[in-house]
Amino acid sequence: MDPGRTKLIMRTTALGDFCSEGRLFEMPYRLLRFLVARKYPEARMFRQPDRLRKSYDAVIIGGGGHGLATAYHLARDHNFTNVAVLEKGYLGGGNTGRNTAIVRSNYLTPEGVAFYDRSLKLFQQLSEDVNLNLFYSERGHFTLAHTDSTLRTMRWRAEVNKHMGVRSEVVDRAEIRRLCPYIDLDCGGVQPIVGALYHPPGAVIRHDAVAWGYAKEADRRGVEIHQQTRVTGIEVAGDQVRGVHTDRGFIETSKVLSAVAGYTPRITEMVGIRTPIVIQPLQACVTEPLKPWLDNIIVSANLHVYISQSSRGELVMGASLDPYEVHSERSTLDFVEGLASHTLELFPFLSGVNVNRQWAGMSDMTPDYSPIMGRTPIRGFYLDTGWGTWGFKATAVCGETLAYTMVHDAEHELIRPFRLSRFQNYQLVGEKGAASVGH
Ligand code: PYC
């Protein structure tokens with residue numbers, strides 16, 4: 001590049017991030033002028049309204065995937081558009097951007113399988129629905145068994161899955177080796193693999209783009225998305241919701257959905273409801289990018305590790321929940337040490353690979369490892385919580401079923417088993433055996 005052009009580019013100060021990444025110098029001026037020209041501003045994905053209205057037909061607390069998907073389905077399926085999504089931080093900054101982007105439906109209970117199967121089907125068509133490439137990539141999902149008792153649970157899951165029309169089967173070592181040739185089936189002699197549950201439709205999808213896609217399409221239909229807007233209270237008269245207090249003023253509304261993770265008890269105490277949720281951190285990390293070598297998603301609940309390779313080549317990895325209640329998104333060295341040692345039992349050739357980033361999310365754990373969704377004793381106050389370690393994969397179906405539930409004030413049939421009242425009626429939906437994560 002000639003020095004004259006360099007100076008011209010350097011004087012352009014509106015491009016802080018771009019400059020700091022050093023990418024500015026790679027861009028010819030004939031392109032750069034479009035970036036800075038007011039005449040051709042980059043299209044925004046969604047508006048940023050500068051004030052709240054006095055009232056909305058519904059308010060959704062939480063601008064993660066679940067809240068935004070619900071807003072999208074309210075607008076698209078029910079023409080219910082006078083809706084505000086309130087997010088205390090930025091869109092997808094909670095667990096939507098902190099998971100390992102896996103979607104699957106190989107659950108243990110018929111209720112769980114039906115619910116997640118619908119989600120997978122919605123995810124498969126989501127790029128087209130929201131007109132954004134979400135990099136949906138079907139990989140095949142292995143849940144490895146290292147003991148006979150785990151294999152028994154896999155058989156049970158496979159039978160329930162098949163009965164519900166979901167593709168899953170138990171496979172032996174030879175089949176695992178055929179589909180994932182790099183795995184050390186003996187795990188260095190520590191815990192040899194005896195078989196696996198194989199679920200061909202298991203996939204990954206770019207998680208933050210899922211939130212952006214829903215936000216874009218909800219906004220296009222008239223929903224308002226308010227970031228940096230914190231809910232400070234919920235007004236209830238008798239047993240009916242009347243409005244929401246925020247740090248930007250009061251909003252009247254008769255329908256409120258709480259779709260937050262990690263903060264559910266803060267919200268439910270505003271309306272005087274208790275849930276059995278306990279909050280534990282779940283951590284994950286990515287390595288530096290590698291050439292593509294891992295097609296599948298590999299999970300071992302015994303070794304406490306799950307791993308897939310992103311389209312950028314990074315290995316995306318996670319482990320079990322931290323074994324204590326703490327409300328924090330800080331990651332720990334302890335986690336990455338444990339994860340690395342277990343990953344190397346499966347793939348010893350990775351010993352020279354660097355971990356680039358790690359992070360934590362807060363998981364709302366319920367006693368039966370199933371979510372809490374639907375109506376509550378407060379009329380007009382709906383819950384979408386208790387996602388434990390598998391909330392991302394439910395994003396799509398939550399949007400569809402909660403929008404239905406809010407409009408009709410009656411639970412959609414797919415979420416009826418997950419009502420809060422099940423803890424009073426002892427109608428638990430035990431999904432612990434379907435965890436990818438050791439608990
Ligand atoms: O349930 O598939 C899962 C999962 C992956 C990471 C955490 N949970």
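Both counts, for ligands and for their atoms, begin at 1 and track the order of listing. Residue numbers start at 1 and run along the sequence shown. It should be emphasised that the depicted structure is a prediction, and the values quoted were computed from it without experimental measurement.
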| query | How would you list, by chain and number, the residues with a heavy atom under 4.0 angstrom from ligand 1? | reply |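 Its neighbours under 4.0 Å (heavy atoms only) are T100, I102, R104, Y306, T389, W390, K393, S436, V437, given by chain and number.
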Please tabulate, for side-chain N and O atoms in residues 339-351, each donor-acceptor pair with protein atoms closer than 3.5 Å (sequence neighbours left out).
| from | atom 1 | to | atom 2 | distance (Å) |
| --- | --- | --- | --- | --- |
| S341 | OG | G338 | O | 2.9 |
| H342 | ND1 | E345 | OE1 | 3.1 |
| T343 | OG1 | L339 | O | 2.7 |

Item to complete: May I ask you to say whether D117 pairs ionically with K121, meaning some side-chain N is under 4.0 Å from a carboxylate O?
Response: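 The answer is yes: the pair qualifies as a salt bridge.
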Item to complete: May I ask you to decide whether E413 forms a salt bridge with R416, counting only side-chain N to carboxylate O separations under 4.0 Å?
Response: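 Looking at E413 and R416, the cut-off is not met.
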Handout entry: With Y107 via ring-ring contact (aromatic ring centres under 6.0 Å, His included) - residues at least two apart
Key =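 For Y107, the residues satisfying ring-ring contact (aromatic ring centres under 6.0 Å, His included) (neighbours in sequence not counted) are Y116, W390.
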Check your understanding: Pairs in or reaching into residues 199-222: which pass side-chain hydrogen bond (donor to acceptor under 3.5 Å, both in side chains), with residues at least two apart or in two chains?
Key ->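 For residues 199-222: R47-D219, N99-H207, S168-H199, R206-D208, E217-R220, E217-R221.
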Margin query: Over 60° means perpendicular and under 30° means parallel, so tell me whether F123 and F392 are parallel, tilted or perpendicular.
Written below: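 Rings of F123 and F392: tilted, as their planes differ by 30° to 60°.
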